[in-house]
Structures are given as C-alpha cells and as structure tokens.
*Asks:* 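I'd like to ask some things about the structure below.
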Amino acid sequence: MKKKLSLPQQIIIALILGVVVGLVCYFTQTAEFTKNFLKPFGDIFVNLLKFIVVPVVLLSMIQGILAMGDLRKVGTVGGKTVGFFMGTTAVACVIGLVLANLFLSLDLFPTLTLGDTTYEAKQFDGFMSVLIGIFPTNMWSAFVNANMLQVIVIALFLGGAMLAAGEKSQMCRDFVDSAYAVIEKLMAFIISLSPIGVFTYMAWVTAMQGAEILGSLALVLLCAYVGYFLHAIIVYSFSAKAFAGMSPIAFFKGAVPAMIFAFTSASSTATLPVSKECADKMGADKDISSFVLPLGATIHMDGTAIYMCVATVFLATCAGVQLTLTQLIMVVAIATLSAIGTAGTPGAGVIMLTMVLGTVGIPVDYIGLIIAVDRLFDMGRTTMNITGDIAGALCVTKWTNGKLSDNK
Ligand code: ASP
C-alpha cells in the first residue's frame with residue numbers, strides 16, 4: 001500500500017519543484033508564464049488564508065483568554081509574551097546593525113546613486129497617535145479592514161469581559177467554542193492546500209527575480225540573510241534550549257513547514273494557521289499559543305527589524321550620510337517600534353522603513369534603490385518573524401506550565 005506523504009514532505013517537494021520550474025522559466029525567458037498562470041493560484045490560496053485570518057485571530061485569542069480562566073493569568077502570560085518579543089527584537093536590531101557596519105567597514109556594500117525615483121514617505125505620527133489608533137471606534141471596520149492590532153484589542157476586551165461576566169457569559173463562551181471548531185476545520189482544509197501556494201509562489205519568485213539575486217544588491221541581500229541566519233542560530237536555538245528545554249534541531253525541524261510557508265508567502269498573518277499547527281505539535285499549550293501566535297504575527301517582527309537596520313546603514317552610505325552612535329541607537333529604538341507597527345503582510349516592512357530613514361536624515365527617495373528586490377528581503381524576514389513567534393509560544397508555555405504539553 002502506498003503511504004501518503006506528510007504535509008511537511010509535500011511542502012518541501014513543492015518548494016524544490018517551484019525552484020526548478022522557476023529556473024527553467026527564467027533561463028528560457030518565459031518568466032511571464034509564471035506570473036500569468038502560476039502566481040494567480042498562489043494568490044487564490046493566500047486570499048483564502050487572509051479570509052480566515054480575522055476570525056482565527058479573534059476566536060483563538062478569546063478562546064485562549066477564556067481557557068486561562070482568570071484575568072490575572074492573562075496578565076502574566078501577556079507580560080511574559082511581550083517581554084520575550086521585545087527582548088528578541090532588540091537583539092535582532094543589534095545583530096543587524098553590527099553586521100551591516102561590518103560589511104560596510106569591509107567595503108562590501110555597493111554605493112548606488114539615485115535615479116529619478118521619488119517615494120512617498122510614511123509619516124511617524126508620534127507614539128501617542130499610534131497608541132490611539134490601536135483602539136477601535138468601530139468593531140466592524142476593524143474586521144473589514146483586517147486591522148490586526150485593533151482585532152487583538154477587541155479580542156482582549158471581549159475575552160476579558162466574558163471572564164468577568166462569569167456564568168452569565170456561558171452562551172457567548174459556547175458560541176466562541178463552536179465557531180472556533182468550525183473555523184479550525186476550515187483552516188485545516190486550507191492548510192492542506194499549501195503545497196499549491198508554495199509551488200506557485202516559489203516558481204514565480206525564482207523566475208521573476210532571478211536576475212536581481214545576481215545583481216548589484218547581492219551583497220546587501222547576503223548581509224540581511226546572514227543576519228537572519230545568525231539571529232535564528234543565536235536567539236531561537238538558545239531560547240528553545242534554555243527556556244523551552246528542547247533541542248534546537250527538534251525546534252527547527254518542527255518549525256520547517258511554517259518557515260517554508262512564510263518564506264514563499266511573505267506574510268506572517270497568512271502563515272498564522274500553519275505556525276499554530278507547528279507550535280502545537282511541538283508542545284505549545286494550545287491556549288497559550290492561541291494567545292501568543294496571533295499577537296506575535298502582528299507585533300513581533302525580528303526579521304523586519306534586522307532588515308530595517310541593514311537597509312538603513314546601506315542606504316545611509318548611498319546617501320552619503322554618516323550615522324553617529326546616537327543615531328545608531330535611535331535606529332534600534334525606532335526600528336523596534338516600527339517593527340511592532342508593521343503589518344504581517346507582504347512588503348509592509350519596506351513602507352515602515354521610510355519612518356526609520358526619516359528620523360536619521362536619509363531622504364526617503366533612497367528607498368527606490370532597494371524596493372525592486374524587496375520581495376527577496378521580505379521572504380527571509382517573514383521566515384524569521386514567524387519562527388520567533390513559534391519560539392515565543394513554546395517558551396511562554398514552559399514558563400507558565402513548567403513543561404511543554406503533549407499534544408500528540
Ligand atoms: N512581510 C512581513 C511579515 O509578514 C512584514 C514585512 O514586510 O516586514 O511578517
């Protein structure tokens with residue numbers, strides 16, 4: 001009897017096939033084929049994921065809160081989660097800056113000049129107005145616009161209020177339970193289609209961006225990827241071992257399906273259902289991961305932080321701006337905050353980068369030098385972003401329950 005391939009195996013095969021088909025199309029100059037006929041299927045798949053993401057985040061967070069049983073526990077888990085997120089993102093910034101300066105001092109970065117590109121900067125409206133923006137004035141518009149920070153706030157409030165309402169909230173609790181069971185089934189079905197998404201997106205990226213990988217930005221890309229890699233090895237291996245008590249190899253092996261998925265889709269939010277499945281399989285407490293992962297996919301962006309630091313140092317040299325130590329420290333602070341504000345969707349990080357550039361006096365038009373290959377940076381940074389979330393779910397589980405769960 002033939003054994004059916006497991007989903008991770010199917011995903012890995014899809015990835016390899018995607019690269020092969022992409023390369024064939026690239027060398028036969030039929031890249032347009034991937035864009036017109038393969039990518040649309042990837043887009044359909046990502047649309048499906050995006051369509052369930054709001055209910056998944058809302059329901060899974062409320063369920064996680066209800067399962068914790070009391071508000072104090074929610075507070076403690078929340079505190080540990082945010083502590084883990086902030087700590088790893090700050091380290092990510094330092095890794096990014098040190099590496100970028102190393103590449104710079106070894107004269108590895110090219111100095112490119114600006115053509116006549118112009119770019120509209122995203123304004124940093126100040127901390128307070130960002131804070132105000134997190135609180136929705138209209139619940140439905142938060143859902144309609146998939147404003148994930150607002151959805152999280154709504155979930156926290158509704159979950160907290162259900163706990164506070166005690167027995168009277170039983171009907172609401174049953175509704176959340178039942179609706180989440182339905183969404184989980186739907187999610188499992190959509191995830192089973194992920195090899196299609198991985199194959200089509202990989203073929204498209206390889207065929208369309210092949211030339212760019214070999215182009216003038218190759219070393220800047222390399223710098224970012226070395227940063228991603230070091231961060232994974234140093235921070236996530238360490239966290240898995242020291243905090244979650246599991247071997248780094250087992251950790252990365254368990255996270256592979258989500259990592260490949262994030263790499264091809266470049267969207268933390270769309271990867272959320274896959275991350276949840278991986279984290280739970282590795283022993284995250286399901287209620288804790290229901291809380292940590294949606295929050296992580298929205299505010300925890302280590303890969304984006306590394307990218308922002310590398311890109312800022314690179315673009316500063318192109319613009320002839322010498323960054324002082326104080327400015328570098330500012331880059332760490334603003335990059336950490338901007339990473340929190342970055343949406344978990346493709347290309348969001350490069351928009352937030354304009355904010356970092358603005359604060360250290362680099363004209364935002366310089367973003368034009370890097371934007372064409374943003375997807376290649378984005379694939380790596382999204383992979384790091386979700387790997388960090390999975391590590392967070394496992395560490396917070398261990399910190400809270402004293403051990404990982406047996407979810408097999
Ligand atoms: N694409 C990234 C993510 O979804 C965000 C970014 O552009 O940095 O995590």
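Computed from a predicted model, the values in this text were never measured in an experiment. Whatever order the structure lists ligands and atoms in, that order sets their numbers, starting from 1.
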*Asks:* Can you confirm if the NZ or CZ of Lys39 lies within 45° of the ring axis of Trp204 and under 6.0 Å from the centre of its six-membered ring?
*Replies:* yes

*Asks:* Could you check whether Asp177 pairs with Arg173 (Lys NZ or Arg NE/NH1/NH2 to Asp/Glu carboxylate O, under 4.0 Å)?
*Replies:* no

*Asks:* May I ask you to decide if the ring planes of Phe243 and Trp399 are parallel, tilted or perpendicular, using 30° and 60° as cut-offs?
*Replies:* tilted

*Asks:* Sequence neighbours left out, what pairs pass salt bridge (Lys or Arg N to Asp or Glu O under 4.0 Å) with at least one residue falling in residues 286-309?
*Replies:* none

*Asks:* Just say parallel, tilted or perpendicular for the rings of Phe314 and Phe109, cut-offs at 30° and 60°.
*Replies:*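 Phe314 and Phe109: perpendicular rings.
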
*Asks:* For the side chain of Ser267 and the backbone of Ala270, is there at least one donor-acceptor N/O pair under 3.5 Å apart?
*Replies:*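 Side chain of Ser267 to backbone of Ala270: a pair is present.
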
*Asks:* I need the contact residues for ligand 1: any residue with a non-hydrogen atom closer than 4.0 Å to the ligand, ordered by chain then number.
*Replies:* Ala266, Ser267, Ser268, Met301, Thr304, Thr342, Ala343, Gly344, Thr345, Pro346, Gly347, Ala348, Gly349, Asp378, Arg381, Thr382, Asn385

